[in-house]
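Not measured: the values here are computed from a predicted model. Remember, it's 1-based here, ligands and their atoms both numbered in the order they're listed. All residue numbers refer to positions in the sequence shown, counting from 1.
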Amino acid sequence: MLKDFFMGLSQNQFLNSAAKKYGLKLGAQSVVAGTNIDEAIKSMKELNAHGISCTVDNLGEFVFKEEEAIAAKENILNVIEAIHENNVDAHISLKPTQLGLDIDYTFCRNNLREIVDKASRYDIFVNFDMEDHGHLPQTFELLDELSLEYDNVGTVIQAYFHDAQEYLEKYKNFRLRIVKGAYKEPAEIAYQDKQEIDANFIKLMEWHLLNGKFTSIATHDHHIINHVKEFVKKNDIPLDKFEFQMLYGFRKDLQLKLASAGYNFCTYVPFGNDWYGYFMRRLAERPQNLNLVAKQVFNKKTNTIIGVAASAFVLGRMTKNAKKKRR
Ligand code: FDA
């Protein structure tokens, strides 16, 4: 119920544009590394100083206009330049819809190609984040096309899909990030039960560690992390074959602990004005993250309280209509 509520909020375009104007609020600053590239670079340098690499996401949502997709492309090109200039240990994560996949496939492919081309010149990897199942075939198609020319590309396998293993085997020679899956998907194609999703995650992760190129194990779940530690030890899997990934601002102690224990660790660093949908999806995923909001409300400014109240009011009305499934 709460999950659907926040998912509904994440799709509210009115609140989304309002949020862009007012900067980071509602506690989002705890999980979004600033609104501009300078702030993101600063955060990444801090993480690098702890031996943590980064994958940086210049947040973007609801892109249905060509000029917005082009602006997103320009921003990502600037991020690549900034990573290079600042000598930061980081790569790019992006969403194909941000670059125009909902507008036109070829238009999106051309935008992506420019990004991948520039990144390849600086030896920077580009991850195509995986969105909902409606965008999945075309995201793999983009990967197929661009990997004919470039080898600095990879993507994500979502463990909630029944056919995830097929994709994993087909793309085993790519650097792959394994996640549980963040979108609300129908039962005909995706496991709904947490135990089934977790079991499939473990199966996929073990298979790719044994047979694949490089595995990014993206989860905050300490049960899975402990399982990975045992599995790699038992199977003599070298530490340079995999990394753990978590989102910026979550389980910071565990992030530092894993990095200092000698595991490769990569933090997903989102930044930008378009933080609202990302933040609401994190609340949908784990309502306990509301603590982040509560801390802001009780410790900081009144305008935050007003922001929370306004959101709750408008969004409360929206829950009824929360039919769309984007997360
Ligand atoms: P999950 O939410 O299942 O929690 C499992 C357990 O872990 C909890 O019960 C709790 O014990 C513990 N736990 C979790 N969070 C905690 C916290 N903050 N503090 C304390 N304990 C906590 N999805 C997608 O569809 N496409 C994508 O491209 C990506 N990309 C991506 C990158 C990275 C780096 C990450 C970490 C995640 C993604 N995701 C994603 C999101 C992913 O699919 C998934 O929705 C979330 O990671 C939540 O699932 P978890 O496995 O993290 O734990």
Side-chain angles (χ1 to χ4, degrees), residues 2-3 6-7 10 27 30-31 33 47 52-57 59-61 90-98 101 125-136 139-140 142-143 154-161 164 167 175-185 189-202 204-205 215-228 242-258 264-270 277-293 325-327:
L2 207 51
K3 192 169 178 163
F6 285 117
M7 242 194 282
S10 78
S30 317
V31 295
L47 289 161
I52 292 177
S53 70
C54 301
T55 180
V56 57
D57 172 10
L59 294 165
E61 306 250 339
H91 68 262
I92 299 290
S93 277
L94 51 78
K95 291 184 175 48
T97 59
Q98 182 184 13
L101 188 57
F125 175 74
V126 180
N127 187 77
F128 300 179
D129 283 5
M130 202 49 94
E131 300 171 77
D132 62 300
H133 77 276
H135 294 103
L136 185 140
T139 302
F140 279 118
L142 287 165
L143 185 67
T155 191
V156 177
I157 302 289
Q158 294 149 305
Y160 56 21
F161 285 126
Y167 283 109
R175 173 179 176 154
L176 293 179
R177 175 195 298 160
I178 299 177
V179 302
K180 291 185 186 174
Y183 298 78
K184 191 166 166 61
E185 300 288 6
I189 57 169
Y191 299 111
Q192 308 291 312
D193 177 62
K194 181 174 160 33
Q195 282 180 341
E196 283 182 309
I197 298 169
D198 288 0
N200 204 34
F201 185 111
I202 288 175
L204 298 165
M205 175 270 294
T215 317
S216 298
I217 300 157
T219 181
H220 308 102
D221 191 334
H222 48 277
H223 303 289
I224 292 185
I225 292 165
N226 290 339
H227 182 96
V228 174
F242 73 97
E243 69 184 2
F244 290 110
Q245 288 190 355
M246 287 187 203
L247 304 177
Y248 179 84
F250 291 96
R251 307 208 81 171
K252 287 187 236 171
D253 292 352
L254 187 52
Q255 298 200 15
L256 292 172
K257 203 167 147 194
L258 287 165
N264 284 314
F265 197 94
C266 176
T267 299
Y268 188 103
V269 178
Y278 172 86
F279 182 54
M280 288 300 149
R281 286 194 294 280
R282 301 292 77 84
L283 293 178
E285 214 157 68
R286 190 173 158 80
Q288 291 97 314
N289 292 337
L290 268 171
N291 287 339
L292 300 170
V293 177
K325 299 193 170 119
R326 185 185 169 112
R327 289 185 66 195

With heavy-atom distances below 4.0 Å as the criterion, list the atoms of ligand 1 near [X].
{"X": "Asp129", "answer": "28 (O)"}
{"X": "Phe250", "answer": "18 (N)"}
{"X": "Tyr183", "answer": "25 (O)"}
{"X": "Met130", "answer": "24 (C), 25 (O), 26 (N), 27 (C), 28 (O)"}
{"X": "Lys194", "answer": "3 (O), 5 (C)"}
{"X": "Gly181", "answer": "25 (O), 42 (C), 43 (O), 45 (O)"}
{"X": "Gln158", "answer": "24 (C), 25 (O), 26 (N)"}
{"X": "Thr219", "answer": "50 (P), 51 (O), 52 (O)"}

Check each of [options] against [atom] and report the one with the nearest heavy atom.
{"atom": "atom 31 (C) of ligand 1", "options": "Leu136, Thr139, Val179", "value": "Val179"}
{"atom": "atom 4 (O) of ligand 1", "options": "Lys180, Glu185, Glu243, Met246", "value": "Lys180"}
{"atom": "atom 37 (C) of ligand 1", "options": "Asp198, Asp253, Leu247", "value": "Leu247"}
{"atom": "atom 7 (O) of ligand 1", "options": "Asp221, Ile178, Val269", "value": "Asp221"}

* Which is it for Glu131 and Thr97 under the side-chain hydrogen bond (donor to acceptor under 3.5 Å, both in side chains) test, yes or no, and what are the steps along the way? -> CA-CA 8 Å; Glu131 300 171 77; Thr97 59; 2.5 Å; yes
Could you check whether any side-chain N or O of [X] sits under 3.5 Å from a backbone N or O of [Y], counting only pairs where one atom can act as donor and the other as acceptor?
{"X": "Gln192", "Y": "Tyr160", "result": "no"}
{"X": "Gln255", "Y": "Phe250", "result": "yes"}
{"X": "Asn226", "Y": "His222", "result": "yes"}
{"X": "Ser30", "Y": "Gly249", "result": "no"}
{"X": "Glu185", "Y": "His133", "result": "yes"}

* Under 3.5 Å between some N or O of ligand 1 and some N or O of Tyr268? ->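 N/O-N/O distance under 3.5 Å: no.
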* Would you check whether Ala182 has a nitrogen or oxygen atom less than 3.5 angstrom from a nitrogen or oxygen atom of ligand 1? =>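 In this structure, Ala182 places an N or O atom under 3.5 Å from an N or O of ligand 1.
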Please verify whether a non-hydrogen atom of [X] lies at under 4.0 Å from ligand 1.
{"X": "Lys95", "result": "no"}
{"X": "His222", "result": "yes"}
{"X": "His223", "result": "no"}

* Should Ile217 and Phe201 count as side-chain neighbours, where that means a heavy-atom distance under 4.5 Å? ->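 Yes, side chains in contact.
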* To do: Compute whether any side-chain donor of one residue and acceptor of the other, for Tyr268 and Asn127, lie under 3.5 angstrom apart.
  =>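 Side-chain D/A pair, Tyr268 to Asn127: absent.
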* Do the charged groups of Asp198 and Lys194 touch, with an N to O distance under 4.0 Å? ->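 Answer for the salt bridge query: yes.
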* Heavy atoms only: give me the nearest Thr55-Cys266 pair and the separation to one decimal. =>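 It is N-SG, 3.6 Å.
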* Can you tell me how far the CG atom of Leu258 sits from the CD1 atom of Ile52, to the nearest 0.5 Å? ->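 Going from CG on Leu258 over to CD1 on Ile52, the span is 8.5 Å.
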* **Glu131, portion touching ligand 1 at heavy-atom distance under 4.0 Å** =>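 Within the 4.0 Å criterion, Glu131 makes no contact with ligand 1.
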